[in-house]
Student: 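Below is a structure I'd like to ask you about.
Any value given below was found using the heavy atoms of this structure, including those in side chains, with hydrogens, waters and symmetry copies removed.
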Amino acid sequence: MAEKTVAFALTSLLGAVAILAALGGAMAQSAGAASDAQTLQARNDDMVDTVQDPRIAKARKSGTGIWKWVVPPVKMKGGFDDHDPIGLVAGKLIPADCSINWTDPDTHKLYCFTSATSLVYFLNAPHSYLSRAEKSWQALKGTS
């Protein structure tokens, strides 16, 4: 029993030393870098937007919405007029750009989500959320 405890402690200690060595190397590299302002400017220069998409320009001007790195190149047609099903379940109309989506394997309908968190939450019980979202969609749109 004592040998297992010593072996575990030694393994843990060696792991901690390896992590500290890796962190020390990364810190040494960052200490030798240019000032933070110069580094930030270099990063911003590397991230110049090369895509001329009017939706991106509109989102930047309005300062609203959730920025995503990938916006579908063509308009995708999702269920509930591209509104997030989880938002509908909560009684809110939250438009999505379909960059995060799911296709129902039974009906082959596409559903759009505003975030990966919303999609993951939805995937816990997709058919239950779809039926609740459909009821909410009907109520929010004023149709029965």
Side-chain angles (χ1 to χ4, degrees), residues 4-5 7-144:
K4 288 182 181 180
T5 304
F8 177 75
L10 185 57
T11 304
S12 298
L13 180 61
L14 290 174
V17 168
I19 291 170
L20 288 174
L23 287 174
M27 291 174 64
Q29 285 178 347
S30 68
S35 73
D36 288 343
Q38 290 171 331
T39 303
L40 182 59
Q41 183 60 42
R43 286 183 188 154
N44 288 340
D45 290 344
D46 288 345
M47 297 171 59
V48 173
D49 184 17
T50 58
V51 177
Q52 301 302 319
D53 188 332
R55 295 174 292 176
I56 294 171
K58 182 181 175 187
R60 285 186 176 167
K61 282 183 184 176
S62 70
T64 60
I66 297 172
W67 177 252
K68 295 185 178 72
W69 284 102
V70 178
V71 176
V74 295
K75 177 81 171 111
M76 298 174 75
K77 181 68 178 139
F80 308 119
D81 286 339
D82 300 339
H83 288 86
D84 189 324
I86 296 297
L88 290 172
V89 169
K92 303 292 181 190
L93 290 173
I94 304 173
D97 64 9
C98 286
S99 60
I100 301 171
N101 58 67
W102 176 76
T103 302
D104 187 333
D106 299 330
T107 64
H108 304 289
K109 285 182 72 175
L110 178 77
Y111 296 95
C112 306
F113 296 86
T114 55
S115 69
T117 303
S118 181
L119 174 61
V120 169
Y121 190 78
F122 171 85
L123 290 176
N124 285 325
H127 295 292
S128 173
Y129 285 120
L130 282 177
S131 66
R132 291 168 56 194
E134 182 64 42
K135 289 177 187 172
S136 183
W137 176 249
Q138 302 276 333
L140 289 169
K141 286 298 183 181
T143 58
S144 300

Student: Apply ring-ring contact (aromatic ring centres under 6.0 Å, His included) to Trp102 and Phe122, showing your working.
Tutor: CA-CA 10 Å; Trp102 176 76; Phe122 171 85; 5.2 Å; yes
Student: Could you give all pairs that pass the ring-ring contact (aromatic ring centres under 6.0 Å, His included) test and reach residues 73-92, with sequence neighbours left out?
Tutor: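 Applying ring-ring contact (aromatic ring centres under 6.0 Å, His included) to every pair that reaches into residues 73-92, excluding sequence neighbours, yields Phe80-Tyr111, Phe80-Trp137, His83-Trp137.
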Student: Nearest 0.5 angstrom please: Leu110 CG to Asn101 CG, how far?
Tutor: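 It is 4.5 Å, given to the nearest 0.5 Å.
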Student: What is the distance from atom CD1 of Ile86 to atom NZ of Lys92, rounded to the nearest 0.5 Å?
Tutor: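 Nearest 0.5 Å value for the CD1-NZ distance: 15.0 Å.
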Student: Using 0.5 Å steps for rounding, measure from the CG atom of Leu88 to the CG atom of Leu130.
Tutor: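 One gets 10.0 Å once the value is rounded to the nearest 0.5 Å.
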Student: Looking at Ser128, is its backbone amide N or carbonyl O close enough to the side chain of Ser131 to form a donor-acceptor pair, meaning the two atoms are under 3.5 Å apart?
Tutor: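 Yes: the side chain of Ser131 pairs with the backbone of Ser128.
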Student: Let me confirm one number: the NE2-OG1 distance from His108 to Thr103, rounded to the nearest 0.5 Å.
Tutor: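 Interatomic distance, His108 NE2 to Thr103 OG1, rounded to 0.5 Å: 9.5 Å.
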Student: Would you say Ser118's side chain and Phe113's backbone share a donor-acceptor pair under 3.5 angstrom?
Tutor: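 Looks like no, no N/O pair under 3.5 Å.
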Student: I would like to know whether Ile100 and Thr114 meet side-chain contact (heavy atoms from CB on, under 4.5 Å); could you show each step before the answer?
Tutor: CA-CA 7 Å; Ile100 301 171; Thr114 55; over 6 Å; no
Student: Which atom pair, heavy atoms only, marks the closest approach of Pro85 to Ala133?
Tutor: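 Taking Pro85 first and Ala133 second, the nearest heavy atoms are O-CB, 3.7 Å.
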Student: Give the minimum heavy-atom separation between Ser136 and Gly91, together with the two atoms involved.
Tutor: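 Shortest heavy-atom separation between Ser136 and Gly91 comes out as OG-CA, 3.9 Å.
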Student: Passes side-chain contact (heavy atoms from CB on, under 4.5 Å), Asp104 versus His127? Steps please.
Tutor: CA-CA 9 Å; Asp104 187 333; His127 295 292; 3.7 Å; yes
Student: Do you know which two heavy atoms are closest between Asp82 and Cys98, and how far apart they sit?
Tutor: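 Smallest interatomic distance, heavy atoms only, reads OD1-SG, 3.7 Å.
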Student: Can you classify the ring geometry of Tyr121 versus Tyr129 as parallel (below 30°), tilted (30 to 60°) or perpendicular (above 60°)?
Tutor: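 Tilted: the ring planes of Tyr121 and Tyr129 meet at 30° to 60°.
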Student: Take a 6.0 Å sphere around NZ of Lys77 and say whether it holds more than 12 heavy atoms from other residues, nucleotides or ligands.
Tutor: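 Yes.
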